[in-house]
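Chain letters run A, B, ... following the sequence lines, proteins first and then strands; every chain starts at 1. Values below: all heavy atoms of this structure, side chains included; hydrogens, waters and symmetry mates excluded.
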Amino acid sequence: MHPRDGRRAARRRAFLGLWYRFVISLATVEIFVMRMSQLVGQRLKDAPRDAQTASHIFLIRGGYIRPVSTGIYSLLPLGKRIITKVERIIREEMDRVDGQEVLMPVVLPQELWDESGRSQTVGAELLRFQDRNGKPMLLGMTHEEAVVHLCRSEVTSYKQLPVMLYQLQTKYRDEARPRAGLIRVREFTMKDAYSFHATQENLEAYYERVHAAYERIFRRLGMKQCVSIQSDTGMMGGKVSHEFMAVAECGEDTLFLSPDGRYKANKEVATSGIRFEKQPALALEEVHTPEKKSIDEVATFLGVGPEHTGKAVFFLDADNKLIFACIRGDFEVNETKLRNYLKTKELRFADDERIRAAGAEPGYASVLSVDATQCRIVLDRSFAESSNLVVGANKADYHLKNFNYGRDFTGGEVVDLAAVRPGDPCPVSGLPLEMKRGIEIGNIFQLGTKYSTAMSCNFLDQNGKSQPMIMGCYGIGVGRSMAAVIEQSHDQYGPIWPMSIAPYQVHLVSLNPNQPGVAETAEALYSELRAAGIEVLYDDRGEKAGSAFADADLIGIPLRLIVAAKSLALGKVEFKRRDGGRNSDLLDRADVVAKMQELVAAALTDA
RNA sequence: CGGGGCGUAGCGCAGUCUGGUUAGCGCGAUUGCUUUGGGAGCAAUAGGUCGAGAGUUCGAAUCUCUCCGCCCCGACCA
């Protein structure tokens, strides 16, 4: 090689090194290095008996978190490092959509929640207490009131709008049933963001920007399958909302997805595109059906499919009013849809006395001859648009054949009440809907003026007129996101962290460090990697290979270097990827640092 | 809030039914020696108010009562 080429190559290597170091520094947290002999947080061979899901098991076994009380956890150093990286990504993306970070208190005076009315509407999930003077206080489970309190005095003119404030802050919800480690907890860190707008159009445009920011966040976190779906707005109020769901078996929500991705909805609001066809109506006929109460019993007894029957379901709403819901026998009533339609907070099954009081016979109930003044009748489309159904006769042991809505009964309200079933046609694509489970890791709401009106959060418009600000709110569960990544990215040995949030970038193992050259080489690599800006976890303990590898698998760092006498004799260092099974390569000792820089930078370029 | 289950060392468990020395075992921890490529061997050591309280009894981890905590299913849930 000509000396000039050698100098060029050297300059090129120097430039690349600087470049890698720059890229790596973009995603590097303050603490670069750690010796495993000093690391706090034991790895456990056995998971606690109560841990059942992958994320719960590995977060405990790997020494990332420790339980303190039901649904309340401490983060150990490894867990904290991951969380810090997750938060960093979230901050960057919030800043990119013009968010301004703030920090509001965890402890809030109840009077603020009295203003919004939520101290009345939210139940036991809100933890309330008194301070030493007996003043009612509460622990924030979300911060609409606090942010409105802030914004209504700081922002007063249309010239200041729109504005988005966000925070990463502890939330407390006195959950009835925490479960699955960090998936459902009482105390947790949430990124919550609130935007304020002068017009609905402005909110809607901004909402789309946040939606895109969320997609970037979850992609950068290494979430493999995360979908945004239409959702029920629940107690938050507002009209449009989306939930971001990490698809995972252990998820608490049920999702219906079109295979082509054009339709995604929570089971609570999902609709199907199923069509019903009217047949020529046959004559109504009473049949004796002794002791046949359930749909299955009646259908079997009469030799018809459940889709030729009508089902009657009775509920009592929050005002104790009787609701008579009718649906075709092969469907189930989706209580969330019914509750939303009725605009009631609560639905429970009605008892037989109430049903009889309305003139219906439990097990043989029908809309025919029922006392419509005693109940509200709601009919699913499947019931109203099908023909010749078997329905109850409102007397024990009798049913009616050939019921036809429109001919035999015309009252009631026809709406969509049906719970979607897997395989039902998609309302958009017509393809069979797939049912999946999902973990809700984020949500976004177009809130409107619910809080700004209630709490007088107004601005002066161009005409000097006072208007309530139009709000959006946007949440992400930080710890839950970390857990969801494990659910989607692990093997039988432990988590497989994406580079973007891995606790360290390179796991350096010194195997049999008492053999000649091993400890020296490992120590040298340790400081060289640090100098190259790489986050290294250095296993300097001299454990047996089996223990060292098992721990490394539980810690899940993407890149692993193994310094051992065998390979060192060849001038090599062994290199293994966490996601590469047990395969490994040998690198020339001299190339190791550059190679690690290159791989870390490549993994972070997209993140 | 309803149903079920469990509380014995940091983790996993035995012992409880049928009360009886000093409450055991594995992992983990400490020390020494031997080992060293997928959770090693030998030896020694430390670590427990048997969830708490009351009761029965000569004697309680074990029986009785009360309470507490934890887990699972359901209800509930931005």
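Comparing the P positions of B/U66 and B/A29 gives an interatomic distance of 43 Å, to the nearest angstrom. Using P as the reference atom, B/G74 and B/G12 are 24 Å apart when rounded to the nearest Å. A gap of 24 Å separates the P atoms of B/G38 and B/A43, to the nearest Å. Rounded to the nearest Å, the gap between the P atom of B/U62 and that of B/C6 is 16 Å. Taking atom C1' in both B/G24 and B/G47, the straight-line distance is 14 Å, to the nearest Å. Only the C1' atoms considered, B/C27 is 12 Å distant from B/A9, to the nearest whole Å. Nucleotides B/C63 and B/G20 have their P atoms positioned 11 Å apart, rounded to a whole Å. When the P atom is compared between B/U45 and B/C72, the two are found 40 Å apart, to the nearest whole Å.
Distance from the side chain of A/S567 is smallest for B/G37 among the nucleotides B/A78, B/G37, B/C77. Of the candidate nucleotides B/A78, B/G38, B/C72, B/C72 has the atom lying nearest to any side-chain atom of A/Q52. Nearest nucleotide to the side chain of A/A176, out of B/C76, B/C73, B/G37: B/C76. When the nucleotides B/U36, B/A29, B/C27 are ranked by their closest atom to the side chain of A/N514, B/U36 comes out on top. Closest to the A/R61 side chain, of the nucleotides B/G37, B/A78, B/G39, is B/G39. Of the candidate nucleotides B/G39, B/C70, B/C73, B/G39 has the atom lying nearest to any side-chain atom of A/K45. For A/T70, whose side chain is taken as the heavy atoms from C-beta onward, the closest listed nucleotide among B/G37, B/C70, B/A78 is B/C70. The side chain of A/Q42 sits closest to B/A29 out of B/G37, B/A29, B/G39. In this structure, the nucleotide among B/U36, B/A78, B/C77 sitting nearest to the side chain of A/K544 is B/U36. When distances run from any side-chain atom of A/R339 to the nucleotides B/C76, B/A78, B/C73, the shortest one goes to B/C76.
Pairing for B/U22 is absent, judged as Watson-Crick or G-U wobble with the two contacts each under 3.5 Å. When Watson-Crick and G-U wobble pairs are counted only if both distances are under 3.5 Å, B/G55 pairs with B/C63. Pair check for B/U36 finds none; no Watson-Crick or G-U wobble contact set falls under 3.5 Å. B/U16 is unpaired under the Watson-Crick or G-U wobble criterion, no partner having all donor-acceptor distances under 3.5 Å. Across all strands shown, nothing is found opposite B/G47 as a Watson-Crick or G-U wobble partner with both distances under 3.5 Å. A 3.5 Å limit on both hydrogen-bonding distances identifies B/C6 as the Watson-Crick or G-U partner of B/G69. Shown here, B/A78 forms no base pair; nothing in the strands shown gives a Watson-Crick or G-U wobble contact with both key distances under 3.5 Å.
What separates CE of A/M36 from C1' of B/G39 is a distance of 12 Å, to the nearest Å. Atom pair A/L59:CG and B/C11:C1' shows a separation of 16 Å (rounding to whole Å applied). A/I60 has its CD1 atom 16 Å from the C1' atom of B/G28, to the nearest Å. Between A/R179 atom CZ and B/C77 atom C1' the separation is 13 Å, expressed in whole Å. For the pair A/E543 CD and B/G41 P, the computed distance is 13 Å after rounding to whole Å. With rounding to whole Å, A/R541 atom CZ is found 11 Å from B/U30 atom P. Atom pair A/L44:CG and B/C13:P shows a separation of 13 Å (rounding to whole Å applied). Rounded to an integer number of Å, the gap from A/F58 CZ to B/C11 P is 19 Å.
Side-chain rings of A/Y504 and A/W497 stay apart, their centers remaining 6.0 Å or farther from each other. Ring pair A/F244/A/F218: centre-to-centre distance below 6.0 Å.
By the 6.0 Å and 45° rule, A/R66 does not stack over the aromatic ring of A/Y73. Cation-pi geometry between A/K576 and A/F549 is met: under 6.0 angstrom from the ring centre, within 45 degrees of the axis. Annotation: cation-pi pair A/R560/A/F575 absent, no NZ/CZ under 6.0 Å from the ring centroid and within 45° of its normal.
Remark: A/K171 NZ to A/D192 CG distance equals 3.0 Å, nearest 0.5 Å.
Both A/L511 and A/E335 sit near RNA chain B, but only A/L511 has its closest nucleotide nearer the 5' end. Two residues, A/V563 and A/N443, neighbour RNA chain B, and the one matched to the more 5' nucleotide by heavy-atom proximity is A/V563.
Residue A/P513 is classed as having no contact, given no heavy-atom separation below 4.0 Å to the nucleic acid. When heavy atoms are screened at a 4.0 angstrom cut-off, A/A47 is found touching the sugar-phosphate backbone but no base atom. Nucleic acid contact class of A/D551 (heavy atoms, under 4.0 Å, all strands): base. As judged by a 4.0 angstrom heavy-atom cut-off over every strand, A/L554 is placed among the base-contacting residues.
A/R177 has a side-chain polar atom (N or O) that falls below the 4.0 Å cut-off from OP1 or OP2 of B/C73. For the OP1/OP2 pair of B/C70 and a distance below 4.0 Å, the side-chain nitrogens and oxygens of A/S69 include at least one atom meeting the criterion.
The base of B/G37 is not paired with the side chain of A/N512 by any donor and acceptor separated by under 3.5 Å. Residue side chain A/R184 reaches the base of B/C77 through a donor-acceptor N/O pair under 3.5 Å, judged by distance alone. A donor-acceptor contact under 3.5 Å is formed by the side chain of A/E574 with the base of B/G37. One N or O donor and one acceptor, one from the side chain of A/K576 and one from the base of B/G38, sit under 3.5 Å apart.
Look at A/E93 and A/R216 and you find a salt bridge, because one of the NZ, NE, NH1 or NH2 atoms lies within 4.0 Å of a carboxylate O, short of that distance.
Enclosure of atom CD in A/E335 by more than 12 non-hydrogen atoms of other residues, nucleotides or ligands within 6.0 angstrom is indicated.
When each of A/R437, A/K267, A/R179, A/R177 is paired with A/E252, the salt bridge (charged side-chain N to carboxylate O under 4.0 Å, His left out) condition holds for A/R179 and for no other.
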